[in-house]
*Asks:* 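I am attaching a structure below and will ask some questions about it afterwards.
The structure displayed is predicted, hence computed values, not measured ones. Numbers restart at 1 for each chain; the letters A, B, ... are given by sequence-line order, proteins then strands. Side-chain atoms are counted along with the backbone in the values below, which use heavy atoms only and exclude waters and symmetry mates.
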Number of protein chains: 2
Amino acid sequence: MSLATMSSPHFVYGSHHPEVLKTLLNQEGFRITQQRHKILEVLNAAAEGDHLSAEDIHQKLLDQGEKIGVSTIYRTLHLLVDLGLLRELALSEERKFYELSNPMTVAHHHLICSQCGSVKEFEDAAIVSLGQDEALRQGFSLLDCQFTVYGVCEQCS
Amino acid sequence: MSLATMSSPHFVYGSHHPEVLKTLLNQEGFRITQQRHKILEVLNAAAEGDHLSAEDIHQKLLDQGEKIGVSTIYRTLHLLVDLGLLRELALSEERKFYELSNPMTVAHHHLICSQCGSVKEFEDAAIVSLGQDEALRQGFSLLDCQFTVYGVCEQCS
DNA sequence: ACCATAGCGAAAACCATTGTCAACAAGTTT
DNA sequence: AAACTTGTTGACAATGGTTTTCGCTATGGT
Ligand SMILES: [Mn+2]
Ligand SMILES: [Mn+2]
Ligand SMILES: [Zn+2]
Ligand SMILES: [Zn+2]
């Protein structure tokens, strides 16, 4: 169950589909459970640009009548991040946020208002390749690049 | 004491010097205290590439015989960040880290091993200007750009 | 269907950070 | 220099997100 033995990220295309997910998990000795399904469903259902915290996800599931514990939420989020299905965002808030990680597209980045906390997303292929270069230069294998810009938005100034 | 009334960041050159710091603080109605001096001293004494948590700083001061409370550490760190003297880093760890912010030089960036947590710094002027462009495009005033690359280092793979 | 064990969840523990408030001290006025 | 005003401190309690514990449950292989 060590992470070192898990498959590399580029095998996870379409992994939000139940069958593919099941196979991916089982290959590594993990089981596909109702709870893991539900959590991925919530993340799939989230609108583009939405960033969900563990508590957000838990609350959404409780609201739709599911019975699920917080421990399961945290455990599952970590698992999905390790599998490369999710991106964990350090937006300098007091909690972490999660979003689907789509290996097909260029990772996007975040512009955050330090005053009101609003988040705007943007894309820039150059940034990712800069990260890749630096990782290579230092002998690292790349997992994720996060470019986070802090400022003050129009309304707040 | 509102942040909106504080001087803009480019006035803080050499602010680690006692006199300049005193003037800077007093202009805004703040006071220069023994504790604020000590905390800045610790950060000044830190080696290049060192990232200190609030607890690190507190412990260093206790070790050198100072008597200082944790509340003061946190309060002071926030103040110094607001004044533009410090950079608060969200390295996706469970705590925040601080380093001196030198407005004369290009902000540097971080490559982190997700396995062992080791951090390597690197510089790239292009990245900061990309952040500046995006902030401008969205009508934000820029405060800080943090480019954080996650991967697995050589020893860990 | 059976079994071995990965996974679940309620509750407690953990731990970085923040709030409280009486005592203190920096800077200003007399 | 002493008095005064008010920003600042620090012991302690509280907060809140995340992790751990551990007996029970459900998944997947046989
Ligand atoms: Mn996003
Ligand atoms: Mn650094
Ligand atoms: Zn704003
Ligand atoms: Zn490492």
*Asks:* Would you say B:Ser71 reaches C:dT17's phosphate, i.e. side-chain N/O to OP1/OP2 under 4.0 Å?
*Replies:* no
*Asks:* Using atom CG of A:Leu24 as one end and atom P of D:dT27 as the other, report the distance to the nearest whole Å.
*Replies:*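 Rounded to the whole Å, the gap is 18 Å.
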*Asks:* With side chain to side chain contact (heavy atoms under 4.5 Å, CB included) as the test, pick out the partner of A:Leu40 among A:Ile32, A:Ile57, A:Thr76, A:Leu21.
*Replies:*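 In the set A:Ile32, A:Ile57, A:Thr76, A:Leu21, the residue that makes a side chain to side chain contact (heavy atoms under 4.5 Å, CB included) with A:Leu40 is A:Leu21.
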*Asks:* With a 4.0 Å cutoff (strictly under), does any side-chain N or O of B:Asn26 reach OP1 or OP2 of C:dG27?
*Replies:*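 B:Asn26 to C:dG27 OP1/OP2: side-chain N or O found under 4.0 Å.
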*Asks:* Might you confirm whether atom NZ of B:Lys96 has over 12 heavy atoms from other residues, nucleotides or ligands at distances under 6.0 Å?
*Replies:*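 Count over threshold, so yes.
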*Asks:* With respect to the side chain of A:Arg31, which nucleotide from D:dT6, C:dG7, D:dT9 is positioned closest?
*Replies:* C:dG7
*Asks:* Output the rounded distance in Å from CD (B:Gln27) to P (D:dG7).
*Replies:* 17 Å
*Asks:* Closest to the B:Ile68 side chain: D:dG17, D:dG10, C:dT18?
*Replies:*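 Out of D:dG17, D:dG10, C:dT18, the nucleotide with an atom closest to B:Ile68's side chain is D:dG10.
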*Asks:* NA contact type, A:His78, heavy-atom cut-off 4.0 Å: base, sugar-phosphate, or nothing?
*Replies:*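 Sugar-phosphate, no base atom in range.
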*Asks:* Both B:Gln34 and B:Glu94 contact DNA chain C. Which one's nearest nucleotide lies toward the 5' end?
*Replies:* B:Glu94
*Asks:* Nearest 0.5 angstrom please: A:Glu48 CD to A:Glu99 CD, how far?
*Replies:*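 Rounded to the nearest 0.5 Å, the CD-CD separation comes to 8.5 Å.
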*Asks:* Would you kindly compare B:Thr76 and A:Ala54 by the position of their nearest DNA chain D nucleotide and give the one closer to the 5′ end?
*Replies:*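 So the residue in question is B:Thr76.
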*Asks:* Give a yes/no on whether any side-chain N or O of A:Tyr74 is located under 4.0 angstrom from OP1 or OP2 of D:dT18.
*Replies:* yes
*Asks:* Measure from CG on B:Leu77 to C1' on C:dA16 and round the result to the nearest Å.
*Replies:* 13 Å
*Asks:* Under 4.0 Å between a side-chain N or O of A:Arg95 and OP1 or OP2 of D:dG17?
*Replies:* yes
*Asks:* Taking atom C1' of C:dG7 as reference, at what distance in whole Å does atom CG of A:Asp82 sit?
*Replies:* 16 Å
*Asks:* Please determine if a side-chain N or O atom of B:Thr33 lies less than 4.0 Å away from the OP1 or OP2 oxygen of D:dT9.
*Replies:* yes
*Asks:* Counting only side-chain nitrogens and oxygens, does B:Lys22 get under 4.0 Å of the OP1 or OP2 atom of C:dA26?
*Replies:*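 Looking at the OP1 and OP2 atoms of C:dA26, neither is under 4.0 Å from any side-chain N or O of B:Lys22.
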*Asks:* Between D:dG10 and B:Gln35, is there an OP1 or OP2 to side-chain N/O distance shorter than 4.0 Å?
*Replies:* yes
*Asks:* Just verifying a value: how many Å separate B:Glu134 CD and A:Glu123 CD, rounded to the nearest 0.5 Å?
*Replies:* 10.5 Å
*Asks:* How long is the straight-line distance from CZ of A:Arg87 back to CG of A:Asp144, given to the nearest 0.5 Å?
*Replies:* 4.5 Å
*Asks:* Tell me whether the side-chain N/O atoms of B:Arg75 come closer than 4.0 Å to OP1 or OP2 in D:dT8.
*Replies:* no
*Asks:* Please give, in whole Å, the distance from D:dC12 P to B:Ile73 CD1?
*Replies:*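 Rounding to the nearest Å, CD1 of B:Ile73 and P of D:dC12 are 17 Å apart.
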*Asks:* Roughly how many Å is it from CD in B:Gln59 to P in C:dA16, rounded to a whole number?
*Replies:* 12 Å
*Asks:* Between B:Arg36 and D:dT8, does any side-chain N or O lie under 4.0 Å from OP1 or OP2?
*Replies:*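 For D:dT8, OP1 or OP2 has a side-chain N or O of B:Arg36 closer than 4.0 Å.
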*Asks:* Determine whether the side chains of A:Glu55 and A:Gln59 contain a donor N or O and an acceptor N or O closer than 3.5 Å.
*Replies:* no
*Asks:* Does the side chain of B:Lys67 get closer than 4.0 angstrom to OP1 or OP2 of D:dA11 through an N or O atom?
*Replies:*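 Answer yes for this pair, as a side-chain N or O of B:Lys67 is under 4.0 Å from OP1 or OP2.
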*Asks:* What's the CZ-C1' distance between B:Phe30 and D:dT8, to the nearest Å?
*Replies:* 12 Å
*Asks:* For B:His58 and D:dT9, what is the distance between atoms NE2 and C1' respectively, to the nearest whole Å?
*Replies:*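 For the pair B:His58 NE2 and D:dT9 C1', the rounded distance is 12 Å.
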